[in-house]
Amino acid sequence: MGAGAVWFDADGDGYPDLFLVNSKDWTPKGRRSLSALYRNNKNGTFSDVTTASGLGVELFGMGVAAADFDNDGREDLYVTALEGDRLFRNEGNFRFKDVTKAAGINNANFGTSVAFLDYDKDGHADILVANYVQWTAKGDLFCSMDGNTKSYCTPESYKGVPPKLYRNRGNGTFEDVSAKAGIAEPNSKALGIGVFDVNNDGWPDVFLANDTQPNRLYRNNKNGTFTDIAVSAGVAFSEDGVARGAMGVSARDYDESGRASLAVGNFSNQMLGLYHNEGNGLFVDEAPRSTIGRSSLLSLTFGLFFFDYDLDGRADLFAANGHIDEEIGRVQPKIQFRQTPLLFRNEANGKFSDATKAAGLTTPYVARGAAYADYDRDGDLDVIVTNNHGPAVLLKNEGGSANNYLSFRLQGRKSNRSALGAVVRIGKQWQTVTSGASYCSQSDLALTFGLGKEAIVPKVEIEWPSGKRQSLTNVKARQHLVIAEPE
């Protein structure tokens, strides 16, 4: 399955640091396989600070998310793992403390993606964990493509596991409210989480990308509960009524409709899902009629996200691809084990073009997680891609900063400190501060807006989860701004 990564500002200096999740060998081989924390040196390089950080623990690690769960001004980490998730509190100076037990976190359910969100808008960041299937090494089943060689079983061979929702009590502990909130669907086999406001009512809703099970779209009822509307909304299945092998997910208003749409990574021969939000409670998958569908048909997409790579003011789409079976080429010659990423440039009016080769993305990977951040503070967004059984790849954006930009890092006061759920608007562009997304990964919480050649933005509007509204006028471009919620 492979693990993910997170960009987060571990020391609050404005430069994104990087944490890479790792797994370990099934049988000890005399070497330890640890997750890794890299400090951003502010000069384009990083230093490995894992040893003293408290994060260098051996796990069958999978996913990670970052947010300030205790509102102390420092971003904390939640790591999912096969044998049990871990919550690490940021103590400052690149030191983290394992507070899993003390916080009441108990999830040993093959956790995959994870996201922080303030679902009840009480000013504290809650935690949603996607769990996969009931699997153990001892209970592993033998499956084969040719009748002789062991291969991977499809998820249908195993029972699902419900997701977990942990409500933040505000005192350093969490309460498992999965059943009470109505999201404890026992047949879930979730790999991706998308937190977004499906109906623009100001409350965070949740999309769960399920593998060979119907996807779930949980509408927030504003009373601590959720209602699954995936089937009626048209996002549970493909257009021909099939539950696909869904993995990564991203939500964004890519066509300036004022509504957030969904991109979902799927298995090979299934193409990406591009669910356009029609605004009437219905989504329509535009991928089969678009360049995105044609170009992604043979790819197996794990991580993916919307981001404006060329800073022209339109949300583009990046997909990290790689198959799960090394021998897939023998059975299906058109499909490769290692696959190149895909980059789709937004050409406006809901149309995308395949910009993969033009952007220099020609190297195939066995990619899994993917996340973006402006790690070198030149304005454009760079990408980290994690590989299965191989090194992570840092893709530096060269030339995107030819256009102007504005970057916003928000700090809540009455709202949760990470400002999860806050919305920033510049003209028809708008973005929401969200944790999670992609596959087992999280991009930087800072919001980057491409401005094209616009040098001064007449008005920036910020809507905080607390309900407060804030305006900035005549803002100069090419700035990284830190904005605190008004008292």
Side-chain angles (χ1 to χ4, degrees), residues 1-4 6 19 21-24 35 54-55 57-67 69-70 76-89 96-120 124-137 139 155 158-169 171-195 206-211 213 216 218 224 226 247 249 369 435-442:
M1 302 299 294
V6 59
F19 179 73
V21 182
N22 219 338
S23 196
K24 61 180 181 178
S35 297
L55 296 173
V57 294
E58 271 198 304
L59 297 166
F60 292 110
M62 289 293 293
V64 62
F69 82 84
D70 52 1
D76 312 294
L77 290 179
Y78 189 106
V79 179
T80 63
L82 177 69
E83 72 274 41
D85 301 348
R86 304 286 186 94
L87 178 64
F88 295 98
R89 188 178 66 216
F96 291 79
K97 182 180 180 181
D98 188 336
V99 295
T100 311
K101 278 190 176 180
I105 301 296
N106 181 22
N107 186 55
N109 293 299
F110 202 157
T112 54
S113 291
V114 55
F116 288 90
L117 73 163
D118 187 3
Y119 81 95
D120 52 1
H124 302 286
D126 312 298
I127 301 170
L128 177 64
V129 186
N131 289 318
Y132 194 41
V133 296
Q134 297 179 31
W135 181 90
T136 62
Y158 298 95
K159 292 182 178 178
V161 184
K164 279 281 183 80
L165 178 62
Y166 288 105
R167 181 182 176 272
N168 191 333
R169 294 190 178 104
N171 61 359
T173 68
F174 291 81
E175 173 192 6
D176 183 348
V177 295
S178 314
K180 187 191 304 183
I183 67 158
E185 166 55 53
N187 295 318
S188 283
K189 298 175 182 179
L191 292 176
I193 296 176
V195 180
V206 173
F207 178 87
L208 287 181
N210 277 322
D211 192 0
Q213 287 289 317
R216 304 286 173 180
Y218 291 106
F226 292 82
M247 284 154 291
V249 58
S435 163
S438 189
Y439 165 78
C440 286
S441 301
Q442 180 181 305

Tell me if a side-chain donor or acceptor on [X] pairs with a main-chain N or O of [Y] at a distance below 3.5 Å.
X      : Y      : result
Asn168 : Ala125 : yes
Ser113 : Leu191 : yes
Asn131 : Val161 : no
Ser188 : Pro186 : no
Glu185 : Pro162 : no
Ser35  : Asn22  : yes
Thr112 : Ala190 : yes
Glu175 : Arg169 : no
Tyr166 : Asn106 : yes
Thr100 : Ile105 : no

How far apart are the closest heavy atoms of [X] and [Y], and which atoms are they?
X      : Y      : result
Lys159 : Lys189 : C-CE, 4.1 Å
Asp118 : His124 : OD1-O, 3.1 Å
Val129 : Ile193 : C-CD1, 4.2 Å
Ser435 : Ala66  : OG-O, 4.2 Å
Val64  : Val114 : C-CG1, 3.6 Å
Asn210 : Arg216 : ND2-CG, 3.6 Å

- Quick one: CZ on Phe110 to OG1 on Thr136, what's the gap to the nearest 0.5 Å?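 Reported to 0.5 Å precision, the distance equals 11.0 Å.
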- Message: For the CG atom of Leu208 and the CD atom of Gln213, what is their distance to the nearest 0.5 Å?
- Response: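 Leu208 CG to Gln213 CD: 12.5 Å, rounded to 0.5 Å.
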- Mind running ring pair (Phe, Tyr, Trp, His ring centres under 6.0 Å) on Phe69 and Phe174 for me, showing each step along the way? CA-CA 10 Å; Phe69 82 84; Phe174 291 81; 5.6 Å; yes
- Message: Does the plane of the ring in Phe116 sit parallel, tilted or perpendicular to the ring in Tyr78? Use 30° and 60° as the thresholds.
- Response: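 Perpendicular, since the angle between the ring planes exceeds 60°.
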- Using the side-chain contact (heavy atoms from CB on, under 4.5 Å) rule, take Tyr132 and Met62 through it: C-alpha gap first, then chi angles, then the decisive distance, then the call. CA-CA 11 Å; Tyr132 194 41; Met62 289 293 293; over 6 Å; no
